[in-house]
Amino acid sequence: MSTTDAESTSTRPDPARTEVESVTIRFCGDSGDGMQLTGEQMTYTSALGGKDLATFPDYPAEIRAPAGSLPGVSAFQLQFSSFDIRTPGDAPSVLVAMNPAALKTNIEDLEEGGWLIVDEDAFTKTNLQKASYEKSPLEDGSLAAYRVVKLPITELTKNAVEGTGLSTKQSVRCKNFLTLGILYFLYDKDPEPTLQWLTKKFASKPELIEANTRALKAGYNYGRTIELFTSHYTMKRAKLEPGTYRRLSGNEAAAIGFVAASVLSGKPLFYGSYPITPASDILHFLARYKNYGVKTFQAEDEIAAVTASIGAAFSGALGLTGSSGPGVALKQEAIGLAVMTELPLVIANVQRAGPSTGMPTKTEQADLFQSIVGRNGECPVAVVAPATPGECFHYAIEAFRLAVEHMIPVFWLSDGYLANGSEPYRIPAIEDLPKINVHTRTDPEGFKPYARGENGQGPDSLTRPWAIPGTPGLEHRIGGIEKSDIDGNVCYDPMNHQHMTDLRQAKVDRIAENIPDAEVFGEEKGKVLVVGWGSTYGAITSAVEQLQNEGKSISAVHLRYLNPFPKNLGTLLSNFETVLVPELNNGQLLFFLRAKFLVPARGVNKVQGKPFRVGELRAVFEEALGA
Amino acid sequence: MSTTDAESTSTRPDPARTEVESVTIRFCGDSGDGMQLTGEQMTYTSALGGKDLATFPDYPAEIRAPAGSLPGVSAFQLQFSSFDIRTPGDAPSVLVAMNPAALKTNIEDLEEGGWLIVDEDAFTKTNLQKASYEKSPLEDGSLAAYRVVKLPITELTKNAVEGTGLSTKQSVRCKNFLTLGILYFLYDKDPEPTLQWLTKKFASKPELIEANTRALKAGYNYGRTIELFTSHYTMKRAKLEPGTYRRLSGNEAAAIGFVAASVLSGKPLFYGSYPITPASDILHFLARYKNYGVKTFQAEDEIAAVTASIGAAFSGALGLTGSSGPGVALKQEAIGLAVMTELPLVIANVQRAGPSTGMPTKTEQADLFQSIVGRNGECPVAVVAPATPGECFHYAIEAFRLAVEHMIPVFWLSDGYLANGSEPYRIPAIEDLPKINVHTRTDPEGFKPYARGENGQGPDSLTRPWAIPGTPGLEHRIGGIEKSDIDGNVCYDPMNHQHMTDLRQAKVDRIAENIPDAEVFGEEKGKVLVVGWGSTYGAITSAVEQLQNEGKSISAVHLRYLNPFPKNLGTLLSNFETVLVPELNNGQLLFFLRAKFLVPARGVNKVQGKPFRVGELRAVFEEALGA
Amino acid sequence: MHDTVRTTEGTNGDAAKLTRKDFVSDQEVRWCPGCGDYSILATMQRLMPQLGHKKEDVVFVSGIGCSSRFPYYMNTYGFHSIHGRAPSVATGVKLANPNLSVWVITGDGDGLSIGGNHLLHVMRRKLDVNIILFNNRIYGLTKGQYSPTSEFGKKTKSSPFGALDYPLNPIKIAISAEATWIGRSIDVDAKHLSEMITAMDQHRGVALLEVYQNCNIFNDHAFEDFVNRKVRADRTVHLEDGKPIVFGADNDKGIRLNADGLPEVVDIGKDGPTDDLLVHNAANPNAGVAFTLSEMGFPEFPVPIGVFRSIERPTYDRLVTDQIAEATERQGAGQLEKLLHAADTWTVE
Amino acid sequence: MHDTVRTTEGTNGDAAKLTRKDFVSDQEVRWCPGCGDYSILATMQRLMPQLGHKKEDVVFVSGIGCSSRFPYYMNTYGFHSIHGRAPSVATGVKLANPNLSVWVITGDGDGLSIGGNHLLHVMRRKLDVNIILFNNRIYGLTKGQYSPTSEFGKKTKSSPFGALDYPLNPIKIAISAEATWIGRSIDVDAKHLSEMITAMDQHRGVALLEVYQNCNIFNDHAFEDFVNRKVRADRTVHLEDGKPIVFGADNDKGIRLNADGLPEVVDIGKDGPTDDLLVHNAANPNAGVAFTLSEMGFPEFPVPIGVFRSIERPTYDRLVTDQIAEATERQGAGQLEKLLHAADTWTVE
Ligand SMILES: Cc1ncc(C[n+]2csc(CCOP(=O)(O)OP(=O)(O)O)c2C)c(N)n1
Ligand SMILES: Cc1ncc(C[n+]2csc(CCOP(=O)(O)OP(=O)(O)O)c2C)c(N)n1
Ligand code: SF4
Ligand code: SF4
Ligand SMILES: [Mg+2]
Ligand SMILES: [Mg+2]
């Protein structure tokens, strides 16, 4: 079906459309209602329509909570726009709620006067009870602040798919496509790509193609036919950088990025991991890339995962291990071993809300302390953190570049929000990717396992050589007991310990020479500087940009390197009157900035398992600007 | 044998004795030479003689390295004094070296002009080789800076014990007692207590009593007879607080302190642990105290140890777990569980040199970061740290007082130096020990597991009740997933998560109301303030005192509470021009002080597996004073 | 010297009056509709009043996984701990108060993957706890990766080309750790499951019950081949202590050991007399035969269900308590004063 | 499809010319004089040249403990890792380069206490590595606490009134995890030890060798009762594949299984003919009999020495390599460009 097709079955002319710049829609319903799929199709179609966009899937904690229950609600929010956007939007202007439980848990977020589309068929007594509604909210006037569109979506769907041979249960499952059709009409989207997608997806089940196609078209036409909405919308294409685009979620980007590091370094990738939300998908993706020589090892626990990766690194592979907070806690002793043995290792931490088991499906940034200083002894490592799903790719490469060039463990910090969120991603040209300089030692002449620099053939004068088993003449022994420099023998000499402690720190500090300066978004001097890291990038930058557009003296620095910091950071901080540090934790980056630079920086903190909203940040920034 | 006895066998009058105020002696020899025993007897005798003293045993890393080898050297240093001392001394003024390896590894530390006593019989070709000496240092003039006393100790010993029926091998093992006898004479000590000790120790082996007694007496008389030394010494009694004293090492003090907490709280002690140097002795001691109702559980690993202790805490015991750095790293995930479930738990960490396996027998203070912030998520705990072996007792009680009164995990931080060092310890009266207020809930009426304060019957309005299995009507479920306040049910609500995150932090902050202000050693205002924590107390305070006695404007604050800080700390810091923070790490307390108070404090750092020397600190402090 | 069967008199007071409802907590059960966990929960809640424990004396401890949510639904004391560590948490709970009836709920991932070592050690120590391992041969909570009991070659999210790890058999692990009671049951067979839970509760010692549990979302029909009612009688065999091992809808098949000690299926009446059938002895002093039985599996053999092992040993908690009692009797109850002075002392005046 | 015995041609080049000295590192050996570890080290260094590996292809991986210092003394590649994790480190080493000859050195504490789970899992996965477990029934390095193999009631520093934990038997654990080669030897019996090490090296699969090792400092004479030369022949029994199990200084005793599958000692010639003796079959498809043998111990039975199990299975490393090869063959060698574009794409101009 193309729009032309759709038109041919229409009984009314197309409505006049209002042009909008950006729209935020949230789909919510029962886990079984296919809300993630609906959101993804809307995203895909918007992307093909040349919009900029950002998404935020919000899964329930239960695998499959009882149908209709509050914990079983699944949601997907997306913002699409004709200008550059960086977040999936604060408050949705359209909320699609497939049942009372979904309405209950999401209605608060809908902006005043926003569209609320509900399946009135789902507002049965039982469902209302499951959502702890005493009366139907559709009837008690409690929704007066919104533009409510009540539709018999279930009925409409059943009618639409009648005759395709589907059981009632199967028929009802098509209601997400009917809903999607309505929204496609409302927002002037071309249903064709989704129809093609259906054809591919259900290639072996033609009845499902037929039914969902009918549902989608029915929704589209229903939207056109009935005077459902008082307005209809259209949107210009966004001005995006030319290139080939795809959608990319943070976890998929990470997986591909780590494979890219393997290709760029010429070293095979070894991924030791133990499943944990929200990191498991990295394992799932990498397990598919066997033809890239990737070895995935699903270990018996996180300790086995990290130690296997360390063993693999010793054996000459790119040793990668990945987990989330609680699992990373278990890896810390072993990460100390990698620090002591000076082996390259990347630890991917897809952070989630803590402490302890916490809220596994919710996002947070509270593992920065753990990453930088959470081990026994003086045990320095490098830390990088991507700011967007797409950067998950680039910093995966960067993490290995640093690990290999400096023979050191590197943390790569993502979070649940980046992991599952996705954005249109411009595919880079392979030749634009960074080089990774591997300096594997092969010459037995004068070889010492802990020799440095030229002698060690490392790119940095503090790097020890990567001397890989199987190489004749480089036989040597390493381990977790303090080692003498150069020789690498077990050594209890006090001054050697001091020297090696200093050296391990210097190795990390030296990385500052091998990374770019921090970039400022806005002026290099001014009133307020906002310093952030990780997934808060979109919200921070959007809020700062809004204020900049109003002529306010505010700039932002978003750090991708958390240890060591970029060399120019101290100077930048001193150029502003006020430094604000928004984080989804209780002030961890803040702590390092204050301790290191003695700046009276202030935290902006939120620990709710949710990302910042642009508006809430803007308000804080305005206050700091004295506006 | 009393001194009178000794006299009767003497051929010469007693020499004139120079009065000295303090002496530092180091015994060193092969692991098999009994140096620890020798040191301990010298300590005991000095204590009985009314001296103040401090000791520092330094064990080799190997269990029993090959005889005569460098890694096999074992040493014991003590300082005894007629005035108040706090360290085992910087540079020994007497070094007793039983073989070439011991000489080689210790001679550097002997003060210029100090006494060097060696067993010349041990300077054989083989032994010299084992110590990598090309020529005998006794002959090549390399020891010219010292007053060398070469004695045929082995020969003398063999002669002395001849006829007691001992084999040659056994005879030779008495040489430490012969040496001890010589030193007893040199420093005017009464050999009697040691002779009594021998009688008790070898009650079942009379031939050993006889042989060692003979060796000791022979040494004593040899000292008197032969003109070995150009000076002989005597020392006044120290002015010590009246009371009954005993020697107490940090680990033994800890064990007794934890038992005391059990007695004071009326709750049985449960110790879950896995052996690790230098913490194992706490397990060894506690395992003996079964008649105190102490249950020790030697777990399969550190994770089992801590989780068993958490289970025991749930079951109403004082849950204690102990380890050293690498083992504590493994416990961190579980400590998060205790934070989330708000159970009382004490984690004893006897720190050692790291990172990774590091140098297990050497001391360090590099686990402060790990303790305060080394977990996933926002996961605050309280941290206390004793400053002396004796304080290991008091802060063991204090740790449990805070854990139980605030229902929170508390770290108790010691280190290898405190653990094995010992000091004369004035035994406190039981009635002077603190009270521990346990508020166990039994009333089912209106019970909620996460209710606070009065409702929860806790002593602090933020404390939740301790509701112990077996209590009728209090059945409830806890766990590591975020909990709703009051109810304690699993809860993913964003605002509840924010509230609970804040609450957990507030619980720790609130402890500041339940601990004393930090005390200042010296004036409350001035030029330089030295802030320390843990085992560096002796060295810091000694150095500061020396400078104070010279009229310098320098004070010291030694923190026993590391999280939260005492309430007056911020004010104190602001009262001084310069703040120095000496630590056996790369600046961890320093970091917290700078971040929290934004003071330009400077670190004084040493990471050599060794304690600070008074002299090296004094030099740094002088520099800061501008002297 | 030690009782090896727990007598219930001591705790039977008001406990007798309790009903199923007393053991149902106020929390909404949140497993997927159709999950095998429901039937195990229902069986436990129904059975509890009969086991005769007071509600307040019962503690359920679990790790992390779908199955590990079990404690939330029992109106007793409960501890939903961290992944894999339930056996250790339970060790602390039980050692601190040996009067409690302590139950460990774990999954094939929780108990055999990350928690394998704790499970092994709690079994070898023979702590008096009841461990129920919900074996669905998959990681449920993390949405479907293969587990240590998944069959070789299984395709899952983390093994798109087939898993290459050979599976573990929890019964074998329990035998090698010398657990004192070892059994196996099936989620949907409420009657057998009730028998097993009752038996393990009465057993004083460490009891491990493996329950085949269907995860209808990520590993549906994992046990269908032999659990399906139509074939169950022919494809499972009930181990009954002291009885010859027979099975089949008509009890027409049996198991014997051949001369090399290997098991063989015999058609009773066809292959010969029944008196060479293996007579099951759950208390066999040598666990080798139980091990042989544990090696039997579908399709070569019927899958054994029931009690593999039931032997008597003093339990760890009892030994710990006794050792304390003995020390106290010998040395007198500890006094802090004495402990502080237990060294060479001297007095300064 | 898979070789189960490693052929040495591939690595035999210059290796043939190596001598014992080539395998001795420059590090001073730092065990206590008299420690059983010395003889195991000496045997290994002597044997290595005969095993035919190139020095650079050999990796020794250990955990922490006295025994775990072993790698420092072998002039090969070595990794002295952290406590209990050697099996996992070795997994990474071997998977990353399956051509290496990988040896794991562990102790009874390192391998069965903190590392028990990794040991279990490396065995069930059947990675082609050789694991030598130095069992001295004590924690040596931490100066003498009881270990998971210490006998019940043992008095040590941490158990002054006697340990209350029942010991584990590593052979049983290996059988339950289905290790493909399982053997036992004695530190001081260099000849037997050499045979075992050679056999495990030739075995392609996961090989676990338990070596009774004397710790003369903290647990002297732990095995004296049956290891002492005077009694060894009567108190140990050598398991030899395909042969009836006999022992005794005069080969005058044997082992048979009774009707219940239990082992019995028979006096040959007195109790009857020798043809009902158990014939050892290390490749028995059912491991129950091996388990029965593993239950035998002094004083009731002679202690079995030798190879308990030796079976053939594709190894984990081989399976991993093959799966990659197959995927590559089917899908073509991966190209980054393709991976980046492996999704719905659109173009902005
Ligand atoms: C330390 C840690 N690692 C990983 C996880 C993630 N995780 C939770 S449950 C689980 C596996 C559950 O499998 P199983 O025990 O079989 O339980 P099921 O869900 O199948 O009942 C995993 C890997 C975690 N919660 N904690
Ligand atoms: C995480 C951690 N916990 C504890 C220790 C302390 N530790 C070192 S070796 C050891 C036990 C050694 O026993 P075993 O494996 O039997 O080796 P042996 O010394 O007897 O050869 C222990 C508990 C450690 N190094 N690391
Ligand atoms: S995922 Fe499987 S095991 Fe978990 S609740 Fe659902 S059906 Fe049960
Ligand atoms: S302590 Fe025991 S095992 Fe360790 S080196 Fe000494 S004798 Fe050997
Ligand atoms: Mg499972
Ligand atoms: Mg051992």
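Order of the sequence lines fixes the chain letters, A, B, ..., with proteins taken first and strands second; residue numbering starts at 1 for each chain.
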Steps toward ring pair (Phe, Tyr, Trp, His ring centres under 6.0 Å) verdict (Phe565(A), Phe592(A)) = CA-CA 10 Å; Phe565(A) 288 131; Phe592(A) 288 99; 7.1 Å; no
task = Quick one: which of Met495(B), Gln332(B), Gln505(B), Met500(B) has the most heavy-atom pairs under 4.5 Å with chain A, could you say?
result = Met495(B)
ask   = Thinking salt bridges, do Lys483(A) and Glu342(A) make one under a 4.0 Å N-O criterion?
value = no
task = Compare all side-chain heavy atoms of His497(B) with those of Lys610(A) and state whether any distance is below 4.5 angstrom.
result = no
remark   = When the 4.5 angstrom heavy-atom criterion is applied to Met340(A) and chain B, the contacting part is side chain
ask   = Any idea how Phe591(B) and Phe591(A) line up, ring-wise: parallel (<30°), tilted (30 to 60°), or perpendicular (>60°)?
value = tilted
task = State, yes or no, whether a side-chain contact exists between Leu589(A) and Gln365(A) at a heavy-atom distance under 4.5 Å.
result = no
message = Side chains of Lys362(B) and Glu482(A), heavy atoms from C-beta outward: is any pair under 4.5 Å?
response = no
ask   = Is chain B contacted by the side chain of Arg504(A), its backbone, both, or neither, given a heavy-atom distance below 4.5 Å?
value = side chain
ask   = Can you find a pair of side-chain heavy atoms, one from Lys596(A) and one from Leu573(A), that are under 4.5 Å apart?
value = no
key: Student check: side-chain heavy atoms of Gln351(A) and Leu413(A) closer than 4.5 Å   = yes
inquiry  = Out of Gly325(A), Ala329(A), Pro71(A), return the one with the most heavy atom pairs under 4.5 angstrom to chain B.
reply    = Gly325(A)
ask   = Who wins among Pro494(A), Gly374(A), Gly587(A) for the most heavy-atom pairs under 4.5 Å with chain B?
value = Pro494(A)
request  = Using a cut-off of under 4.5 Å on heavy-atom pairs, state which of Leu598(B), Thr501(B), Thr357(B) scores highest against chain A.
outcome  = Leu598(B)
query = By a 4.5 Å heavy-atom criterion (distance strictly below it), what part of Glu364(A) contacts chain B: side chain, backbone, both, or neither?
reply = side chain
message = Taking every non-hydrogen pair under 4.5 Å, which of Gly336(A), Gly327(A), Cys379(A), Gly358(A) racks up the most with chain B?
response = Gly358(A)
task = Return the option, out of Ala595(B), Ala353(B), Ser324(B), Ala334(B), with the maximum number of heavy-atom pairs under 4.5 Å with chain A.
result = Ala595(B)
inquiry  = Side chains of Thr363(A) and Arg352(A), heavy atoms from C-beta outward: is any pair under 4.5 Å?
reply    = no
note = Looking only at Phe369(B), Phe597(B), Tyr492(B), the option with the highest number of non-hydrogen pairs under 4.5 Å against chain A is Tyr492(B)
message = As an exercise: rank Ile303(A), Thr361(A), Asn586(A) by heavy-atom pairs under 4.5 Å with chain B and give me the winner.
response = Asn586(A)
task = Under 4.5 Å, counting heavy-atom pairs only, tell me which of Ala338(B), Pro326(B), Gly479(B) racks up the most with chain A.
result = Pro326(B)
Most contacts with chain A, counted as non-hydrogen pairs under 4.5 angstrom, among Val599(B), Asp493(B), Val339(B) = Val599(B)
query = Heavy-atom distance under 4.5 Å to chain A: side chain of Pro600(B), backbone, both or neither?
reply = both
Contact leader toward chain B among Leu593(A), Val373(A), Asp367(A), Leu590(A), where contacts are heavy-atom pairs under 4.5 Å = Val373(A)
Close side-chain approach of Val381(A) and Leu345(A), heavy atoms under 4.5 Å = no
Side chain to side chain, Glu616(B) and Lys606(B), heavy atoms closer than 4.5 Å = yes
ask   = Is it the backbone or the side chain of Gln588(B) that comes under 4.5 Å from a heavy atom of chain A, or both, or neither?
value = side chain
key: Choice from Gly480(A), Gly354(A), Ala366(A), Ser371(A) maximising heavy atom contacts with chain B below 4.5 Å   = Gly480(A)
